[in-house]
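Input: a single structure, listed below in structure tokens.
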Amino acid sequence: MLRLPLFFIPLLLALLVGCGSRTEESNKLTKEQVETRLAALSCAADEITLPDGPTGGTFRFNSLETPNSLDPAWIRDTASSDIGTSIHEGLIEFDPVDMSVKPCIAESWEISEDGLTYTFKLRAGVFFQDNPCFPDGQGREVVASDFKYSFERVCDPRVASPGAWMFLDFVEGSNAYRDGVSARRELERRASGEGRDPNSEDRFRAAEDAQLQEWAASPDEVVGFACPDDRTFVVKLAIPFSPFIFRLGHSFSWVVPKEAVEFYGDNFFKNPVGAGPFKFVEWIPGQKVVLEKHPKYWMKDANGHQLPYLDRIEVSRIEDTNSEHYELLNGHLDFQFPIPIDQWDSIFDADLNLKADYKRFQVQWVNTWRIEYIGMLNTDPLFKDVRVRQAFNYAIDREEIGSTILRYRAIPNRGQVVPGSMPDYPSEDGPFKYDPTKARELLAEAGYPNGQGFPELTLQLNSAGRDNEKIAEIIQAYLAVIGVKVQLKVVDWRVHLDTVREGKVRFYRLGWINDYPSPENSLMLVWGKNIPPMGENYARYQNEKFDELFEKALSITDIQEQNKVFREAEEVAVQEAPWLFLYTMRRFRLVAPEVRGFPFNAGDRRFLKYTWLDKSS
Amino acid sequence: MTTYIIRRLLAAIPILFGVTLLTYILVEGTADPEKLLQGQRSDQASLESIREKFGFNDPHWKRYLNFVTGAIQGDLGRSLAFNFDVATEIKRRFPATALLAVTALSIAVIFGVALGVIAAIYQSRWQDGGTMLISLIGISFPIFALAVFLQLLFCVLIPWFYVTGYVDRSWSCLVLPSVALATRPLAVITRLMRSSMIETMRSPYIMTARAKGLSRAAVLAKHAFKNALNPVLTAISGSLAELLAGAFFIEMIFNWPGIGKLGFDAVMKSDPFLLEGTVLVAALIFIVVNILTDILYSLVDPRVRLTH
């Protein structure tokens with residue numbers, strides 16, 4: 001088989017990146033260079049600071065996508081959660097800077113020794129926003145039964161919330177409640193003489209009446225959610241699952257008043273009521289969403305000043321990133337995220353300094369939780385051999401991606417399943433440094449000297465802009481060096497996900513963004529019990545030792561201790577290279593000069609209650 | 001005239017069927033939209049609930065039939081991704097697109113006809129050359145590039161207008177989008193008007209009129225102008241397709257809350273009902289406008305008989 005010389009790669013890359021690009025783009029940036037340049041981008045909005053003068057004003061930002069819903073049970077896209085974060089709140093919240101767990105509506109909580117019972121003490125004086133759904137229009141106080149109602153709503157199959165997974169399987173009685181609802185529906189239909197419901201889940205449709213009666217007898221509530229009094233909310237788990245506390249900071253766990261859900265019915269999604277710092281005012285689809293300060297919001301700052309500082313939030317809906325950028329330049333938006341790549345060269349010079357026209361702006365950056373990798377179907381005869389998977393990992397120079405296509409925006413991932421920015425997690429750099437010689441050796445050991453006899457691979461990817469293809473071409477070039485031929489196949493996202501999920505594709509591009517800051521939410525991607533259809537272990541990686549450690553960690557309630565065990569588990573998986581690791585994303589945000597108290601965190605959660613506008617700047 | 005309109009409307013029915021069927025096949029025949037809605041962590045009970053709510057378990061012929069019967073009654077279903085009623089949302093957005101299109105078309109017609117006449121009168125002089133050069137640029141400039149160029153020039157460098165926004169922000173928001181949208185049809189109309197005018201002025205009856213002793217201005221205004229307008233009218237109906245396609249870009253760039261933007265959202269979210277609804281309405285607009293131009297055509301030129 002043809003062996004490509006090493007010099008071929010820069011040549012190919014130069015062609016890929018384009019003839020018009022600057023010469024330094026093909027020069028690799030060292031890790032130190034990148035870090036020094038990033039450190040030079042200081043930003044006043046990064047910290048939570050207290051205003052020293054009068055506050056108020058309107059904060060304006062843009063949403064590049066249309067929000068789907070402002071009903072917490074249905075918030076699963078970023079556009080909706082960016083707005084929802086200001087309207088709603090839950091038992092806990094995440095620290096705006098490091099994303100660690102902080103008390104919110106629950107002022108404290110206790111976890112029983114067996115890790116099965118969580119008892120939350122609710123704060124007094126937390127009110128829902130005023131709304132006509134309440135008898136006198138005045139928002140009432142949030143009580144424990146509101147949480148029971150909101151969480152049960154997410155579990156209810158009639159609501160069909162995409163967030164049911166947050167509670168199912170491990171909250172006591174959650175599955176029984178769900179089965180009960182479905183079984184009663186099926187029985188009702190049969191009783192009315194309409195026969196078996198073709199829309200029912202298979203097992204209900206197939207079940208005999210006796211079995212259905214048994215399911216239908218389950219209580220019409222989730223018994224694991226209990227409210228002994230208005231200020232105490234108890235969650236009982238069926239199995240120890242310590243990452244549970246993180247799930248309570250997710251949008252699916254935000255509290256809603258029953259009155260509003262019943263008052264607005266199908267239209268609750270566009271008339272949301274919550275207990276967060278801002279009250280919903282109006283939503284004109286395709287145009288804007290407007291929020292206003294919630295005057296009865298519970299939180300005060302260190303000076304005793306009531307939060308939020310802002311009077312109003314206006315979210316516009318511009319799809320075009322250039323138009324969005326011009327609005328920022330004209331002072332009609334307070335930040336832009338992400339910074340459009342087309343504008344990158346007019347904002348920054350080659351050393352990542354702001355150019356003269358942009359000196360007045362603040363730049364924020366963060367290492368996010370988004371990891372990108374190439375999945376290898378571990379059950380495929382080709383990738384069953386760990387040496388092949390390792391060889392692939394040694395064959396790729398990840399620095400190339402961060403230096404060329406995703407300049408500054410990709411952090412090379414030499415073997416991490418958990419993104420490096422996870423709070424309290426002892427991350428370590430992975431073992432897979434670029435080493436083509438070692439890659440060739442491993443491939444030869446596996447029976448493919450210089451790639452001889454290795455079948456031509458097809459790398460399946462979805463086209464998301466041009467970047468996916470460009471990165472795939474880099475991988476193609478590097479694998480060619482060790483004698484592995486790769487073809488690219490671009491498909492639609494749904495087809496991509498379906499075929500990957502069904503195990504029909506052995507080599508595919510995929511990414512993952514954590515839902516909440518627990519390593520569990522990343523490591524479950526390689527957990528043996530999470531192989532489809534059960535979950536998202538699409539690579540079908542399986543290792544007993546890993547599973548044992550991972551499951552052990554799930555039952556440890558002390559976060560530090562738990563993370564140590566998670567780290568051990570990660571180490572086991574990484575050594576066996578379940579994926580071809582690529583990079584984690586770094587993102588940048590361009591912020592207007594007067595914005596303060598607006599940290600950019602790894603989860604990109606926008607907590608605008610701390611944000612204020614410094615009119616003196 | 002009434003028979004003609006009825007006949008044309010009847011002829012439109014198979015077209016609408018074709019359009020809806022094609023859209024249906026392209027959108028719903030391919031994949032399961034509910035999976036997209038539920039995300040990577042979907043579970044069967046929730047998926048079933050959604051399938052039931054939106055009728056995805058029915059056979060395709062029944063789903064298509066439901067869509068068609070619903071559409072006839074003005075019910076286009078509920079958007080899967082955004083949860084709103086599609087027909088209500090289209091109704092709410094229609095005035096925005098109509099305002100943009102009508103303003104752009106008015107600019108294109110008024111200025112296009114005027115410039116075309118000027119170019120024809122001053123044929124081969126600098127006025128003609130200048131007009132033709134401008135119209136050449138207008139035809140060659142892609143609409144999205146022109147829009148961004150206008151934004152950069154009149155919003156950032158010389159801040160006269162807002163970069164984006166609808167008339168509820170300020171009526172001045174209408175200026176740049178409609179100018180950008182008008183440019184191409186304006187250029188086409190100018191060129192057509194010029195050549196049509198030149199041709200008309202060479203006809204024998206114009207010479208006769210002049211020989212009778214009518215002034216040049218009277219000849220131009222009373223005889224030449226009206227006759228020269230015919231091909232321009234055809235061009236207007238043709239440019240409407242372009243105008244609607246252009247509105248798609250313009251609405252996105254200027255954040256104009258019209259039907260084009262709605263269609264964009266529908267495509268991005270693979271929302272079957274929203275996409276079918278917007279395509280159907282767009283097709284309907286095309287058909288209605290085509291009939292209207294044909295009627296107008298007959299009014300301007302009585303030789304054109306509507307029955308043919």
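Residue numbers begin at 1 in each chain, while the letters A, B, ... track the order of the sequences.
Shown here is Tyr358(A), whose OH atom has more than 12 heavy atoms of other residues, nucleotides or ligands within 6.0 Å. Residue-environment remark: CZ (Phe94(B)) stays at or below the threshold of 12 foreign heavy atoms within 6.0 Å. Within 6.0 Å of atom NZ in Lys355(A), more than 12 heavy atoms from other residues, nucleotides or ligands are found, so the atom counts as buried in its surroundings.
Without hydrogens or angle criteria, Asn330(A) side chain to Pro159(B) main chain gives no donor-acceptor distance under 3.5 Å.
Of the listed residues (Val156(B), Asp168(B), Thr164(B)), the greatest number of heavy-atom pairs within a distance under 4.5 Å of chain A belongs to Thr164(B). Listed options Arg158(A), Lys288(A), Glu327(A) were ranked by heavy-atom pairs under 4.5 angstrom with chain B; first place goes to Glu327(A).
Annotation: the span from Glu319(A) atom CD to Asn255(B) atom CG amounts to 6.5 Å, rounded to 0.5 Å. In this structure, Trp256(B) CH2 and Gln287(A) CD are separated by 9.5 Å, a value rounded to the nearest 0.5 Å. Separation of atoms CZ (Phe84(B)) and CG (Asn267(A)) is listed at 12.0 Å; rounding is to 0.5 Å. Separating the CZ atom in Phe82(B) from the CZ atom in Phe269(A) is a distance of 10.5 Å, to the nearest 0.5 Å. Expressed to the nearest 0.5 Å, how far CG of Asn322(A) lies from CE of Met252(B) amounts to 11.5 Å.
Residue contact with chain A, scored on non-hydrogen atoms closer than 4.5 Å, involves the side chain of Phe264(B) exclusively. The contact between Glu65(A) and chain B is made entirely by side chain atoms (from C-beta outward), counting heavy-atom distances below 4.5 Å. Looking at Ile318(A), the atoms closer than 4.5 Å to chain B (heavy atoms on both sides) sit in the backbone and in the side chain alike. With a 4.5 Å cut-off on non-hydrogen atoms, Thr321(A) does not touch chain B at all. With a 4.5 Å cut-off on non-hydrogen atoms, Asp77(A) touches chain B through its side chain but not through its backbone. Interface remark: Pro533(A) contributes no atoms to any contact with chain B (heavy atom separation under 4.5 Å). Both the backbone and the side chain of Ile284(A) come within less than 4.5 Å of a heavy atom in chain B.
With contacts defined as side-chain heavy-atom distances shorter than 4.5 Å, the pair Arg317(A)/Pro257(B) does not qualify.
Heavy-atom minimum distance, Gln151(B) versus Ser323(A): NE2-OG, 3.1 Å. The minimum heavy-atom distance between Glu89(B) and Pro285(A), with the atom names listed, is OE2-CB, 3.4 Å.
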Inset, instruction - Carefully, step by step, assess Ser69(A) and Asn83(B) under the rule side chain to side chain donor-acceptor pair (under 3.5 Å). - result: CA-CA 8 Å; Ser69(A) 169; Asn83(B) 224 340; 5.2 Å; no
